[in-house]
Protein chains: 2
Amino acid sequence: MSQGDAGIDLETSLGYLLKEASSALRAAMEAVLRPLGMTVTHYSCLELLAQRPGLSNSELARGAFVTRQSMNVLLQTLEKDGYVTRPAEAPVGKALPARLTPRGRRSLAKATAAVRSVELRMLGAMSETEQAAAYRSLKSMIGSLREPGGG
Amino acid sequence: MSQGDAGIDLETSLGYLLKEASSALRAAMEAVLRPLGMTVTHYSCLELLAQRPGLSNSELARGAFVTRQSMNVLLQTLEKDGYVTRPAEAPVGKALPARLTPRGRRSLAKATAAVRSVELRMLGAMSETEQAAAYRSLKSMIGSLREPGGG
DNA sequence: TGACTCATGTCAGCATTCTGACATAGCGTG
DNA sequence: CACGCTATGTCAGAATGCTGACATGAGTCA
């Protein structure tokens with residue numbers, strides 16, 4: 001290519017690689033979660049609640065990287081199907097703390113096993129040193145992108 | 001957490017970190033592309049065409065991590081607005097090779113500058129060694145997830 | 001107390017993407 | 001040539017997520 005610095009070389013672009021990896025991860029997760037009738041966002045919500053019971057709709061949304069509105073729709077479905085519960089009244093403010101039901105916990109257990117296999121597949125391809133480097137790299141990227149600095 | 005191995009610790013999950021980084025990258029790209037009236041997929045398509053002129057709809061879709069159908073909708077818009085051109089008849093098979101118009105090239109130039117600032121922000125937070133490690137890590141993840149091995 | 005700011009839950013409409021389906025073109029095999 | 005297989009472009013409907021908007025509750029400050 002005689003483009004030189006006229007374009008961003010996708011072959012060596014960190015951003016492109018990041019998107020490619022993320023896309024592959026999502027596809028792999030969808031593949032193992034589909035047999036369980038669960039989507040990635042669905043699973044993310046349950047896993048978040050398992051680790052931090054009482055999270056509100058907005059907090060879950062931030063944790064799953066979707067909007068409050070999208071998470072609200074999901075939560076209503078999960079509530080209707082008996083996977084999570086929310087009090088009718090907010091104990092403080094407007095935030096409704098959500099919690100997993102026993103059914104939700106059982107459903108999550110299967111999903112976690114499936115997702116863990118994907119996670120292990122990723123980790124298995126790297127040495128301990130490489131894993132540590134991967135963590136550092138990703139955290140560094142997240143940190144640098146968090147800063148406003150865009151304009 | 002007394003959960004032990006009952007769940008995937010999101011704080012230390014490589015997959016979660018990957019999703020977080022990818023989400024941050026997308027948000028940063030959207031932020032710099034919005035003033036230019038361009039979406040990430042929009043930009044990806046143009047950048048792909050700049051580096052590899054003549055790519056077909058399906059090839060562009062794979063490169064931008066969307067379906068053929070979605071890319072087709074985008075391409076029709078880009079064609080209508082004069083950013084890309086496609087022959088009316090396929091020179092071979094059914095694949096229609098797409099190419100940037102001068103207008104498309106001009107539009108891309110601004111977008112590339114904007115996206116480059118994001119890329120540099122990520123790279124700037126890492127040493128050369130860390131950058132190399134990041135490339136290796138991501139490529140390793142992509143490779144391991146590509147393998148079917150899911151079930 | 002009152003005004004202001006911020007975060008939250010929720011409703012409605014819109015945009016984007018995906019899934020499903022179909023016809024067509026090339027390629028290999030017999 | 002006929003057949004099956006794969007890849008492609010395209011249309012239509014459905015699912016998913018997002019933006020915009022509103023009312024409510026808590027904290028801050030005068």
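So you know, we letter chains A, B, ... as the sequences are listed, proteins then strands, and number each from 1.
In this structure, B/N57 atom CG and C/dA25 atom C1' are separated by 16 Å, rounded to whole Å. Across the protein-nucleic acid pair, A/R34 atom CZ and C/dC18 atom P stand 13 Å apart, rounded to whole Å. The CG-C1' distance, from B/L75 to C/dT17, rounds to 15 Å in whole Å. Atom CG of B/L74 is separated from atom P of C/dA15 by 16 Å (rounded to the nearest Å). Atom CD in A/E30 sits roughly 16 Å away from atom P in D/dA15 (whole-Å rounding). One can place CZ of B/R68 at 11 Å from C1' of C/dA21, the figure rounded to the nearest angstrom. Taking atom CG of B/L78 as the reference point, atom P of C/dT16 lies 12 Å away to the nearest angstrom. Atom NZ in B/K94 sits roughly 11 Å away from atom P in C/dA23 (whole-Å rounding).
Counting non-hydrogen atoms under 4.0 angstrom, B/S58 reaches the backbone sugars and phosphates but no base.
Of all nucleotides listed (D/dT10, D/dG9, D/dA21), D/dG9 comes nearest to the side chain of B/S56. Nearest nucleotide to the A/L96 side chain, out of D/dG9, C/dG9, C/dA21: C/dG9. You'll find that the side chain of B/Q76 is closest to D/dC11, out of D/dC11, C/dT24, C/dC11. Here the side chain of A/T67 is nearest to one of D/dC11, D/dT19, D/dT8, namely D/dT19. Side-chain proximity of A/R86 to the nucleotides C/dT10, D/dT8, C/dG20 is greatest for C/dT10.
Looking only at atom types and distance, the side chain of A/T39 has no donor-acceptor partner in the side chain of A/E30 under 3.5 Å away.
At the phosphate of C/dT8, OP1 or OP2 sits under 4.0 Å from a side-chain N or O atom of A/R62. Contact between the side-chain N/O atoms of B/S70 and the OP1/OP2 oxygens of C/dC18 is found at a separation under 4.0 Å. Taking 4.0 angstrom as the limit, B/T41 places none of its side-chain polar atoms (N or O) nearer than this to OP1 or OP2 of C/dT16. The phosphate of D/dG9 has neither OP1 nor OP2 within less than 4.0 Å of any side-chain N or O from B/N72.
A/L36 CG to A/T112 OG1: the interatomic distance, rounded to the nearest 0.5 Å, is 10.0 Å. The structure places CG of A/L60 at 6.0 Å from CG of A/L48, a figure rounded to the nearest 0.5 Å. Note: B/H42 NE2 to B/E47 CD = 12.0 Å, rounded to the nearest 0.5 Å.
When each of A/Q69 and A/T39 is assigned the nucleotide of DNA chain D bearing its nearest heavy atom, the one mapping closer to the 5' terminus is A/T39.
For the pair A/E59 and A/R68, the salt-bridge criterion is not met [side-chain N within less than 4.0 Å of a carboxylate O].
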